[in-house]
Amino acid sequence: MSDASSQPASLPDNDLARMAALVEELNRHIYNYHVLDAPTIPDAEYDRMFRELQELESMHPTRVSPDTPTSRVGAAPIPEFKQVTHAVPMLSLNNGFQIEDVDNFDRRVREGLDLHQNAREVAYAAELKFDGLAMSLRYENGVFVQAATRGDGYTGEDVTANIRTVRVIPLRLHGPDIPDVLEVRGEVLMFKDDFAKLNARQREAGQKEFANPRNAAAGSLRQLDARITAQRKLRFFAYGIGLLEGAEMPESHSGVLDWFDRLGLPVSKERAVVTGRDGLLGYYKDIGARRDSLPYEIDGVVYKVDRLADQRQLGFVSRAPRFALAHKFPAEEALTVVQAIDVQVGRTGAITPVARLVPVSVGGVTVTNATLHNEDEVRRKDVRVGDTVIVRRAGDVIPEVMAVVLERRPVPQPPVYELPKTCPVCGSHVVREEGEAIARCSGGLSCAAQRKEAIRHFAGRRMMDIEGLGDRYIDSLVECNLIHGVADLYKLTQADLLDMKRLADEREGVTPETVRQGKVPTKWADNLLGAIAASKQPPLERLLFALGIRHVGESTAKTLADWLGSLALVRRAPAALLRVLPDIGGTVAESIAEFFAEEKNQRAIDALLATGVAPRGEHVPKAQLREKLDEVALLAALDIPKLTEPRARQLLAGRTLDDLAHLRVFSVFGLPDTIVGALEGWMAQPGNRDILANLSALRRELLEALPEEAAAPEGGLAGKTFVLTGTLPTMSRDAAGALIEAAGGKVSGSVSKKTSYVVAGAEAGSKLEKAGALGVTVLDETGLLALLAELNEKQE
DNA sequence: TATCCTCGAGTTCA
DNA sequence: CTCGAGGATA
């Protein structure tokens with residue numbers, strides 16, 4: 001009766017034939033598009049046919065085909081889900097986490113099959129264990145009739161209307177050998193990128209975000225309104241047969257999956273048939289390595305004895321099959337409880353809330369802390385002390401509190417988290433600037449935490465690089481009052497260090513081996529003193545970076561060192577001069593000038609120099625600074641209200657900065673009144689005339705000191721930007737970066753269209769992906785070296 | 001003015 | 001590695 005096209009032709013029968021043809025064709029296109037990922041017709045054409053079918057169906061409502069794609073848009077809401085009893089129960093598998101679990105599994109299988117004295121290895125079907133929801137789909141005579149969740153394994157919920165909206169699930173099976181009844185077992189899940197898009201939509205709509213793809217899939221499936229489910233992109237992979245009637249059962253599990261594929265049911269391409277315990281472990285390892293790059297989340301792999309006859313022979317122990325094992329990866333996500341929310345004080349005084357967690361294993365490591373970033377973040381996630389939270393340690397290494405499990409919040413509810421109003425270390429006020437996300441301790445260097453962090457930063461590898469001066473000792477030195485500022489580091493004596501170490505050990509209750517033997521660790525102290533002394537001549541940019549000026553990192557420090565050449569000049573450079581340097585704007589220039597305007601900072605630097613610290617490689621300012629010392633640019637850089645560059649030019653026509661500094665009346669230049677007003681206001685402020693005069697004087701002084709003509713800066717890699725990622729086989733990223741910079745290239749941290757090359761080593765992550773997406777050339781270490789070698793040849 | 005690109009700063013664990 | 005925010009640019 002479903003074959004309407006064989007009916008004699010009359011007007012409605014023509015319609016019926018057309019309907020059947022449309023159903024058939026649209027279903028084929030859905031399969032091509034969603035399962036094969038290879039669309040064969042344009043979307044517009046699909047939409048046209050879809051609308052035509054809808055129209056025909058509305059004219060013949062009684063003749064609508066059971067597998068019509070129009071049913072996929074979602075049925076009207078239902079009051080509740082009906083219960084469904086599974087004809088064959090949906091059992092769970094035994095789990096294994098360790099290699100020995102796999103050994104035991106293989107051994108028991110061999111014993112069960114009487115193979116244990118035999119050399120023959122067992123063939124296993126290995127597949128992914130998707131992190132989704134188990135589902136049973138029932139097909140009668142090839143037509144999809146019912147879908148049920150796993151439930152308790154014996155009874156589940158009828159989610160037919162929702163599953164109908166999942167495009168990858170065929171409403172009619174393909175091919176000639178259609179069984180009378182087929183119950184397909186498989187997993188419904190959401191791909192990672194669809195999940196990200198869904199969450200972005202939820203966020204925009206002000207709706208609750210889902211914690212992970214699994215929850216998103218579950219939430220979508222539990223919609224009583226299937227029209228909502230239809231808007232969520234769910235997927236399905238089939239992995240087994242629940243019930244089969246009226247067709248021959250294939251001989252092996254891999255045969256079942258191949259048959260599914262022919263029936264048009266989606267099966268994962270990652271499936272494999274392997275032999276023996278080594279084959280299983282090889283598969284596990286291979287999938288584990290590629291886990292992050294798979295488009296969906298998996299929580300392990302599944303092994304099944306491939307021959308179904310063997311499976312029957314092995315049978316079940318209690319409720320789990322003896323022929324299958326789920327080999328799970330260490331969980332990347334775990335539930336744990338927030339014991340407390342503390343705050344940390346950073347180098348810049350940034351107050352960062354940190355969740356102290358009941359230790360839990362995530363992705364194979366034990367997590368006890370997780371940053372909550374800032375006040376807004378805590379508020380947004382509404383994390384409270386005592387909450388049960390989902391902790392994740394995904395692609396990156398750093399654990400993150402994903403979401404709170406609200407159902408498990410203690411009763412009575414703990415209070416909403418409030419950031420402390422005063423610094424927990426020094427008691428100074430905590431202030432949060434308007435428009436900033438971060439709250440800061442206002443104590444500055446009088447706050448012990450900030451002092452410690454400042455010293456830690458100073459001693460760091462990319463700054464002064466004092467080896468052996470770790471957190472533990474810095475804490476101790478500050479607490480023993482041996483160090484107040486960084487200069488004190490260079491005044492330490494062996495006796496100081498020994499005192500300090502004794503205290504540090506005592507406080508932590510440890511007795512090092514050397515001490516127990518009655519020795520004094522003088523060797524250790526001498527080594528550390530040596531490391532401190534060895535740091536006395538850093539390149540200027542490192543010293544500048546080490547000072548810990550706000551907004552001055554590695555890159556800005558290098559700009560300052562390259563352009564200005566000496567610490568002396570940086571120390572007295574006014575903001576306007578800094579501002580004309582590349583990549584330095586108003587905020588950064590002000591921050592630097594303010595730092596050096598602080599008398600205590602200047603004294604600290606003098607003290608440092610007095611101990612013998614002397615930057616290496618100081619030089620006269622860069623020749624190109626001449627072009628930057630344009631009077632108009634400098635005047636505009638002064639940040640006088642409303643004085644834009646064209647106005648500055650107008651103002652300076654036929655005049656010098658010096659002239660301006662002494663001018664009394666500004667209304668004579670034909671400038672608009674508002675600007676004249678602003679200018680007069682600025683000039684009236686005490687000190688501003690001096691700023692102008694000093695700037696002009698410094699300019700003249702610099703122009704005299706500058707070399708006349710610059711050597712052509714044409715390095716071989718000039719203008720090329722590199723991004724380094726992953727672990728290179730023979731050199732560190734820093735070393736590779738130094739080579740690139742020596743050749744005139746630039747090394748940057750993030751990939752964009754402007755990146756010339758990405759140099760990727762082992763375990764390269766998102767940067768490599770992005771390079772691929774943007775079509776940026778990717779080199780390995782050999783490629784980079786080849787490029788550099790080629791350049792050298794050209795130069796010779 | 002909006003958008004894109006970089007830089008700075010903070011972070012976890014073995 | 002990721003976020004926020006500063007700087008450059010169309």
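Reminder, nothing fancy here: chain letters follow the sequence lines and each chain counts from 1. Everything quoted here is computed from the prediction, not taken from an experiment.
- The side chain of A:N369 places an N or O atom within less than 4.0 Å of a non-bridging phosphate oxygen (OP1 or OP2) of B:dC13.
- Toward the 5' end of DNA chain B, the nearer of the two residues A:R550 and A:V751, judged by each one's closest nucleotide, is A:V751.
- The closest donor-acceptor contact from the side chain of A:R571 to the backbone of A:Q602 lies under 3.5 Å.
- Within the nucleic acid shown, A:I584 comes within 4.0 Å of sugar-phosphate atoms alone, with no base atom in reach, counting heavy atoms only.
- Between A:R347 and B:dA9 there is a side-chain polar atom (N or O) within less than 4.0 angstrom of OP1 or OP2.
- Comparing atom distances between the A:T371 side chain and each of B:dG8, C:dG7, B:dT11 picks out B:dT11 as nearest.
- Nearest heavy-atom pair, A:R384 versus A:V338, reported as atom, atom and distance to 0.1 Å: O-CB, 3.9 Å.
- Summarising the local packing, NZ of A:K720 is surrounded by 12 or fewer heavy atoms from other residues, nucleotides or ligands at distances under 6.0 Å.
- Taking only side-chain atoms of A:T366, from C-beta outward, the nucleotide of B:dC13, B:dA14, B:dT6 with the closest atom is B:dA14.
- In this structure, A:D471 atom CG and B:dT12 atom P are separated by 12 Å, rounded to whole Å.
- At a threshold of 4.0 angstrom between heavy atoms, the contacts of A:K746 are confined to the sugar-phosphate backbone, with no base atom among them.
- OP1 or OP2 of B:dC7 has not a single side-chain nitrogen or oxygen of A:S750 nearer than 4.0 Å.
- One atom, CG of A:L372, and another, P of C:dC3, lie 14 Å apart when rounded to the nearest Å.
- Counting to the nearest Å, the P atom of B:dT6 and the CG atom of A:L724 are 14 Å from each other.
- For B:dT11, one of the phosphate oxygens OP1 or OP2 lies less than 4.0 angstrom from a side-chain nitrogen or oxygen of A:Q344.
- Within the structure, a side-chain polar atom (N or O) of A:T587 is placed less than 4.0 Å from OP1 or OP2 of C:dG7.
- OP1 or OP2 of B:dG10 has at least one side-chain nitrogen or oxygen of A:T348 nearer than 4.0 Å.
- Put simply, CD on A:E436 is 12 Å from C1' on B:dA9, counting in whole angstrom units.
- Set against B:dC7, C:dA8, B:dT12, the side chain of A:D583 has C:dA8 as its closest nucleotide.
- Between A:R214 and A:E297, no side-chain nitrogen of the basic residue sits less than 4.0 Å from a carboxylate oxygen of the acidic one, so the salt-bridge criterion is not met.
- Distances shorter than 4.0 Å separate none of the side-chain N or O atoms of A:K753 from OP1 or OP2 on C:dT9.
- Note that CZ of A:F722 is 6.0 Å distant from CG of A:L784, once rounded to the nearest 0.5 Å.
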Taking it one step at a time, do A:T348 and A:R550 satisfy side chain to side chain donor-acceptor pair (under 3.5 Å)? CA-CA 7 Å; A:T348 62; A:R550 271 256 263 160; 5.4 Å; no

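- Rounded to whole angstrom, the span from the NE2 atom of A:H457 across to the P atom of B:dA9 amounts to 7 Å.
- The CD-P distance, from A:E377 to B:dG10, rounds to 16 Å in whole Å.
- Residue A:S752 places at least one side-chain N or O closer than 4.0 Å to OP1 or OP2 of B:dT6.
- Picking from B:dC13, C:dA5, B:dT6 the nucleotide with the shortest atom distance to the side chain of A:V367 gives B:dC13.
- Counting to the nearest Å, the P atom of C:dG6 and the CG atom of A:D639 are 14 Å from each other.
- The side chain of A:T556 contributes an N or O atom lying less than 4.0 Å from OP1 or OP2 of B:dG8.
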